[in-house]
Trainee: 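Take a look at this one; I'll ask things after.
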Amino acid sequence: MAAKYYGVIMVNVQGLELLIVNLKSLKPLEHVKKEINLGDDVYQDQPVKYESVSRVSEALTGFVQILNDYGVTNYKLFGSSALHQAMNSDFIADQLFLHTGMTIEWLSSNEETYFRNQNISIELGNDKQNEKRTVFLVGITSGNTAITEFKKGKFVDATSFALGPIKIAEDLQSLRQTAPSSIGLLNDYIDSKLNDFYIGHPSSVVSDAAPSKIILLGSLPLQQLVKNYENADVGDTITASQFISLVDDLVDASDQFLIERLQVSSDYIPMVLPELLLTRRILRLTNAAEIGFSNSGVVDGLVNQASTELGYSKRDFTPEIIKMALNISGHYDVEPVHRDLVTKFSLHLFDQLKPLHQLGRRERILLQVASILHDVGNYVGIHEHYLHSEYIILHSEIIGLSRDDIRVIAAIARYHSSTTPNEDLIHFQHISAESRRLISKLAAILRLADALDDDRQQKIKKISVSIKESKVVITVFSNANLAYENWVFNQKSHFFTEAYGYEAVLKQRGVKAK
């Protein structure tokens with residue numbers, strides 16, 4: 001049974017969290033939290049103090065002992081994107097490794113949003129009440145806010161901005177010293193950040209006037225505050241009008257009132273007003289009629305992923321990643337027919353060439369996203385569009401992908417056209433040897449797929465692939481004149497031979513009229 005147990009430890013600016021589950025049933029066996037405030041140093045651009053790191057190491061050692069008590073040998077340590085921003089994050093990772101032998105894996109803010117959304121997104125799809133309305137999942141962490149839109153239970157889009165209660169609390173303290181109406185200024189400050197969400201955003205928040213709902217994720221302290229304020233069990237929802245009245249009453253509330261009357265932890269006091277004001281502005285922005293609360297967290301998504309990767313679960317959240325890529329391609333006016341055909345050919349080549357590249361599901365997703373986005377640079381200019389594509393991808397947010405994933409995808413797009421990595425050593429030298437091999441293999445596939453529709457006329461609708469000795473034979477089914485496609489294919493296939501050691505050969509077979 002112990003072999004089915006899996007443990008996730010998450011370290012963030014507020015402390016540590018351990019979740020142990022049975023991967024087969026996803027039933028929690030142990031869920032432990034240890035609060036350690038690291039945010040004061042991180043958001044003041046100060047190194048996290050040695051004493052604080054020692055407390056983290058001590059708590060982590062205790063978590064490992066719990067894992068040992070359960071006989072769990074399969075577990076991982078993750079670090080939040082906010083903590084990764086600490087000036088001495090590399091030293092923190094090294095000290096944790098020295099004390100516990102565990103290597104920390106840093107998550108991007110997009111990955112955190114992706115994992116935090118997972119459990120609640122399943123519920124949204126199964127709840128018939130959501131079939132006719134828009135729901136926004138709002139994840140407010142110490143230094144970041146992520147908003148994800150679901151319409152009729154289906155994922156639509158996601159965005160995030162660097163604004164959270166700790167950052168707002170610091171600015172509020174400064175405003176109170178210099179401004180007579182600090183609350184008004186703070187509201188303006190929050191609005192200026194939220195502009196990044198709704199200006200030019202494809203979401204329905206602007207165009208759809210129908211009342212929606214927001215669900216606050218990982219919001220247990222705020223939910224408890226609301227419950228104590230109402231002096232009743234508010235359950236999992238509260239109306240927007242109730243919440244706005246609560247905010248109006250608590251704007252000038254004393255710390256003593258919050259602690260004694262509403263039973264707010266003294267550590268949470270500085271974040272009460274910032275989180276209330278931020279949530280109120282999001283309420284108005286999304287035209288939400290009610291607020292829901294959910295304790296779905298990053299660790300829940302991480303165990304979901306492990307369960308899927310190890311074959312215990314068939315849950316698949318990758319369509320959200322692909323939908324985000326399609327949203328970006330649409331924003332940059334990528335021609336959809338060529339995009340979809342190249343993506344189709346790329347994935348078919350990837351699947352048939354698996355004996356050669358030995359890559360897996362994750363790499364297939366990276367190729368799929370790169371295929372969708374390889375031409376976004378045409379929005380800037382056709383000349384050397386692959387360089388523009390790389391830049392746009394590097395500066396885009398795609399839910400569920402790490403910064404390393406984004407860099408790989410951007411490099412694949414850069415090399416899908418003419419320049420190759422071995423000709424571009426100055427740009428390529430900062431990438432690890434393992435990543436260079438991966439980029440080369442996937443870019444070589446994308447080149448071949450792109451060559452089959454280089455003139456954007458869709459002369460080829462279907463292909464088949466066979467591996468014969470030192471050759472990869474790609475048979476295309478078409479009755480059209482493919483002289484141009486043959487010429488482009490021969491030009492672009494040289495890089496495939498370099499990357500795989502196999503010659504790519506193009507053959508044509510006619511299609512019988514039905």
Side-chain angles (χ1 to χ4, degrees), residues 314 316 318-319 321-322 325-326 329 334-375 386 408-409 412-413 415-418 420-421 437-514:
K314 293 183 179 180
D316 184 12
T318 54
I321 299 176
I322 304 309
L326 291 170
S329 76
V334 173
E335 201 285 305
V337 178
H338 172 74
R339 176 199 68 197
D340 294 346
L341 190 60
V342 169
T343 302
K344 172 186 172 182
F345 290 158
S346 291
L347 296 181
H348 184 76
L349 285 165
F350 180 93
D351 294 338
Q352 298 303 310
L353 295 175
K354 192 165 186 178
L356 300 184
H357 57 61
Q358 296 291 311
L359 300 175
R361 175 175 171 271
R362 186 67 177 176
E363 291 79 13
R364 190 181 192 273
I365 294 170
L366 299 183
L367 175 62
Q368 186 172 0
V369 174
S371 301
I372 292 169
L373 299 178
H374 74 280
D375 275 344
Y386 49 90
V408 168
I409 292 166
I412 295 168
Y415 298 115
H416 88 271
S417 187
S418 57
T420 60
R437 288 191 295 271
L438 173 61
I439 291 166
S440 296
K441 288 179 179 180
L442 297 183
I445 289 176
L446 180 54
R447 277 195 180 204
L448 296 185
D450 191 45
L452 298 177
D453 191 45
D454 192 79
D455 62 0
R456 272 61 171 177
Q457 293 187 33
Q458 292 80 53
K459 297 176 186 176
I460 302 167
K461 297 293 196 301
K462 177 184 175 182
I463 65 173
S464 67
V465 181
S466 61
I467 303 171
K468 298 180 180 180
E469 298 179 353
S470 60
K471 293 182 179 181
V472 170
V473 180
I474 300 173
T475 302
V476 299
F477 296 83
S478 175
N479 293 329
N481 185 339
L482 300 182
Y484 177 73
E485 283 74 15
N486 271 286
W487 178 75
V488 174
F489 184 91
N490 289 333
Q491 294 293 317
K492 291 192 172 185
S493 64
H494 294 306
F495 179 44
F496 181 88
T497 302
E498 293 179 15
Y500 286 89
Y502 279 69
E503 180 185 0
V505 178
L506 187 65
K507 288 188 176 182
Q508 181 177 0
R509 181 175 294 177
V511 180
K512 293 182 180 180
K514 293 184 179 180

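FYI, side chains are in, hydrogens and waters are out, and symmetry mates aren't considered; it's all heavy atoms of this structure. Throughout, numbering of the chain's residues begins at 1 and tracks the sequence.
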Trainee: When rounded to the nearest 0.5 angstrom, what distance separates CD1 in Ile321 from CG in Leu326?
Mentor: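 Going from the CD1 atom of Ile321 to the CG atom of Leu326 covers 12.0 Å.
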Trainee: Who pairs with Leu347 by side-chain contact (heavy atoms from CB on, under 4.5 Å), at least two apart in sequence or on another chain?
Mentor: Thr343, Arg364, Gln368
Trainee: Is Lys492 reaching over with its side chain to a backbone N or O of Leu452, donor-acceptor style, under 3.5 angstrom?
Mentor: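 Judged by distance alone, no pair lies under 3.5 Å.
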Trainee: Go through it in stages, so that I can follow the logic: the residues are Ser440 and Tyr415, the test is side-chain contact (heavy atoms from CB on, under 4.5 Å), and I'd like the CA-CA distance, side-chain angles, deciding distance and then a yes or no.
Mentor: CA-CA 8 Å; Ser440 296; Tyr415 298 115; over 6 Å; no
Trainee: With sequence neighbours excluded, what pairs up with His338 under the side-chain contact (heavy atoms from CB on, under 4.5 Å) test?
Mentor: Glu335, Val342, His374, Asp375, Asp450, Asp453, Arg456, Gln458
Trainee: Do Gln508 and Ser478 have side chains that get closer than 4.5 Å, going by heavy atoms?
Mentor: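 Counting from C-beta outward, Gln508 and Ser478 do come under 4.5 Å.
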Trainee: Applying side chain to side chain contact (heavy atoms under 4.5 Å, CB included) between Ile439 and each of Ile409, Val408, Leu366, report the one that passes.
Mentor: Val408
Trainee: Measuring from atom CZ of Phe350 to atom CD1 of Ile365, what distance do you get when rounded to the nearest 0.5 angstrom?
Mentor: 9.5 Å
Trainee: Would you give the length of the straight line joining atom NE2 of His357 to atom CZ of Arg437, rounded to the nearest 0.5 angstrom?
Mentor: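 So the gap between those two atoms works out to 15.5 Å.
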Trainee: Any non-hydrogen side-chain atom of Ile372 less than 4.5 Å from a side-chain atom of Arg339?
Mentor: yes
Trainee: Is there a side-chain contact (heavy atoms from CB on, under 4.5 Å) between Val472 and Leu349? Walk through the geometry before answering.
Mentor: CA-CA 10 Å; Val472 170; Leu349 285 165; 5.6 Å; no
Trainee: On the 0 to 90° scale, with breaks at 30° and 60°, tag the Tyr500-Phe496 ring pair as parallel, tilted or perpendicular.
Mentor: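 Plane angle under 30°, so parallel.
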Trainee: In chain order, what residues pass the side-chain contact (heavy atoms from CB on, under 4.5 Å) check against Ser464, with sequence neighbours excluded?
Mentor: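 Testing Ser464 for side-chain contact (heavy atoms from CB on, under 4.5 Å), a comparison that skips the adjacent residues, returns Thr475, Phe477.
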